Amino acid sequence: MDWLVSTAEFLVNEILSQPAYLIGLITAAGLIALQKSAGQIVGGAIKATLGFLLIGAGATLVVGALAPLGEMIQGSTGAHGVIPTNEAIVGIAQEQYGARVAWLMILGFAISLLLARFTPLRYVFLTGHHMLFMATLLTMVLAIAGQSSWVVVVVGGVLLGILLVSMPAFAHPWTKRVTGNDSVAIGHFGTAGYVAAGATGQLVGRRSRSTEEMNLPEGLRFLRDSMVATALSMVLIYLIMSLVFLGKVGKEEAFKAFGENGAAGASGVGDYVMQSVMQGLQFGIAVAVILFGVRTILGELVPAFQGIAQKLVPGAVPSLDAPIVFPYAQNAVLIGFISSFVGGLVSLGLLAWIFHPAFGLALVLPGLVPHFFTGGAAGVYGNATGGRRGAALGAFVNGVLITFLPALLLKVLGAFGEENTTFGDADFGWFGTLVGYAAKTGETGGVILMLLIGVAVLTGAIVVQKRVVEAGWDPGARRDALLPSDRARATEHAPAAEGSSGAYAKIAPPRGAPKPPPPPDART
């Protein structure tokens, strides 16, 4: 049986958990189904794979650019606690639960394809690393609760399969609002934060104009370029925090923020300040790389997916990683990141002041990476329904969720709660907590409760799909009705295509990709 375990671990760890390989294989399968030539199949698969590698390269640059800033913020505020990092907690858990994680993930993905084929939830979840993260979480909470190995794999696989088709459906009314069509769905376990951001936008932003329609003075026209605006904003943030950090801890400690393994990273104050500037600029480059990768993958995957829809899952919609929505409202990404981080800081204060002493909840520090990716996406969703106020307040709500939910999740992670890290995105928090407490009720009772939770999620997703998504409900329709004059003006000054000049020019996805909608107040 060892060879079966080794084979399963190889498929999970080396292929299925690698989004680039998975996307390349899916693209090749779609092009084969469309009866494309061998050259087109190979070229399309490689280009799709490269697109995801670009996203990964951009994400790595983001992590590198934010690492010193996180140290500065922690050193300046004196806060100590748990830092949610999906990759870290998964790496720790793999040493103990690797085989069960592998089988659970394979079974879960297979069940998701069956559900996509035979239910109205025609979503195929393609974010491989998030499948691995959720499979690891389910394995952990079931095993820690004392469930047997077969229950961990079978029940966990069923729950994973349900989530893979259900979460894209819950978010899809808002995703359609962002993208303007059904070509792509969100496949990322920060969905609760995105839905909350979209709903918040509906409440607060009925008359608020889009983040992409910012009227700037002539002298600030250069800020209409989102890459410039992003880089400049991060340079300012870095400069402020670096000076605060320098004043609090002194030169010797502050200079180490830019070093590796504790070595002095800056030779003097001038070098220290200029390294801060460089880190802000690197962040702008990272975001640009991510956006280019998104455009590349969309241009290859969406046409190829038509072939898969025809053969395997008729009407299938690819569910992709959170950055897939970034090109649709690039200003909202930056606003969302900052607002989500502020929400994390406020929530940390509430945890320290009230919830830690009263309920024993851990202090969850705001990790810059989860706040950038989920906060940026939440800003896009909030902007789609509520303009600038929606982007800011919607992402703030996301920041609250990804602070409090990980604190609750730690209650069911047993000894892993002492590792100073945990899962960071919203869906890991609420679903892991529910399943964890259900699993603690015993093997028979626990299995029944966990399956009931799964049935409730699946039923809710089907209801949303049939009565909301397929009915064509638009979560921003009421806002559109309140902005008729702005809608006409925005139509007159519609965003220009890439490479052209226009009042609100921004990067556009390539041919074959879902077209970005006009600003929400420009819809008819």
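Along the sequence shown, residues are numbered consecutively beginning with 1. What you see is a predicted model, and the numbers here were worked out from it, not measured in a lab.
Not a single donor-acceptor pair under 3.5 Å links the side chain of N383 to the backbone N or O of A332. The backbone N or O of A362 lies less than 3.5 Å from no partner atom in the side chain of H356, so there is not a single donor-acceptor pair. With S339 contributing its side chain and A395 its backbone, the two residues share no donor-acceptor pair below 3.5 Å. Of the possible polar contacts, none joining the T403 side chain to the V364 backbone as a donor-acceptor pair under 3.5 Å is found.
Here side-chain hydrogen bond (donor to acceptor under 3.5 Å, both in side chains) pairs that include residues 434-445, with residues two or more places apart or in two chains, number zero. Sorted by first and then second residue, the pairs that involve residues 392-401 and meet side-chain hydrogen bond (donor to acceptor under 3.5 Å, both in side chains), not counting sequence neighbours, are S340-N398, T374-N398.
Residues A135 and M105 share a closest heavy-atom pair of CB-CB, 3.8 Å. Here the shortest heavy-atom pairing between M140 and F416 reads CE-CG, 3.6 Å. The minimum heavy-atom distance between L107 and V153, with the atom names listed, is CD2-O, 3.5 Å. Counting all heavy atoms, side chain and backbone alike, A426 lies closest to A192 at CB-CB, 3.9 Å. Closest approach of V317 to A185, counting heavy atoms only: CG1-N, 3.7 Å. Scanning both residues, G44 and T27, for their nearest heavy atoms gives O-CG2, 3.7 Å.
Atom OG1 in T211 sits 10.0 Å away from atom CD in Q330 (nearest 0.5 Å). Taking CG of L142 as the start and CE of M450 as the end, the distance is 4.0 Å to the nearest 0.5 Å. In this structure, CD1 on I402 lies 4.0 Å from NE2 on H371, to the nearest 0.5 angstrom. Summarising the geometry, atom CG belonging to L410 is positioned 4.5 Å from atom OG1 belonging to T422; distances are rounded to the nearest 0.5 Å. The distance from the CG atom of D425 to the CG atom of L401 is 11.5 Å, given to the nearest 0.5 Å. T459 OG1 to I162 CD1: the interatomic distance, rounded to the nearest 0.5 Å, is 8.5 Å.
A heavy-atom distance below 4.5 Å is found between the side chains of V155 and L451. Two residues are said to be in side-chain contact when any heavy atoms from C-beta on lie closer than 4.5 Å; L409 and L137 meet this criterion. Side-chain contact check for F431 versus M167: every heavy-atom pair is 4.5 Å or farther apart. When side chains are defined from C-beta on, L160 does not count as touching F109, because their heavy atoms never get closer than 4.5 Å. Taking the side chain as every heavy atom from C-beta outward, K411 and L361 approach each other to under 4.5 Å.
Side chain to side chain, D182 and H172 meet the donor-acceptor criterion of an N or O pair below 3.5 Å.
Under the side chain to side chain contact (heavy atoms under 4.5 Å, CB included) criterion, T139 pairs with Y97, R100, V101, L104, V152, sequence neighbours left out. By the side chain to side chain contact (heavy atoms under 4.5 Å, CB included) test, A461 is found to be paired with L121, S166, A169, F170, residues two or more places apart in sequence or in another chain being considered. In this structure, the side chain to side chain contact (heavy atoms under 4.5 Å, CB included) partners of F396, at least two apart in sequence or on a different chain, are V342, V346, V400. Every residue two or more places apart in sequence or in another chain that forms a side chain to side chain contact (heavy atoms under 4.5 Å, CB included) with Q202 is listed here: W174, A199, T385, W473, P475.
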**Message:** If you apply the rule ring-ring contact (aromatic ring centres under 6.0 Å, His included), what do you find for H130 with F428, and how did you get there?
**Reply:** CA-CA 10 Å; H130 261 240; F428 297 120; 5.5 Å; yes
**Prompt:** Can you list the steps and then say if L413 with V141 is a side chain to side chain contact (heavy atoms under 4.5 Å, CB included)?
**Reply:** CA-CA 6 Å; L413 290 184; V141 296; 3.9 Å; yes
**Message:** Walk me through whether L163 and D427 qualify under side chain to side chain contact (heavy atoms under 4.5 Å, CB included).
**Reply:** CA-CA 10 Å; L163 281 186; D427 297 339; over 6 Å; no
**Request:** Might you work through the side chain to side chain contact (heavy atoms under 4.5 Å, CB included) test for I285 and Q282, ending with a clear yes or no?
**Result:** CA-CA 5 Å; I285 293 173; Q282 290 284 355; 4.2 Å; yes
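Put simply, the residue from P168, P173, P120 that forms a side chain to side chain contact (heavy atoms under 4.5 Å, CB included) with V469 is P173. The ring pair (Phe, Tyr, Trp, His ring centres under 6.0 Å) test with Y381 singles out one residue from Y194, Y328, F326, and that residue is Y194.
When ring centroids are compared, F189 and F125 come within the 6.0 Å threshold.
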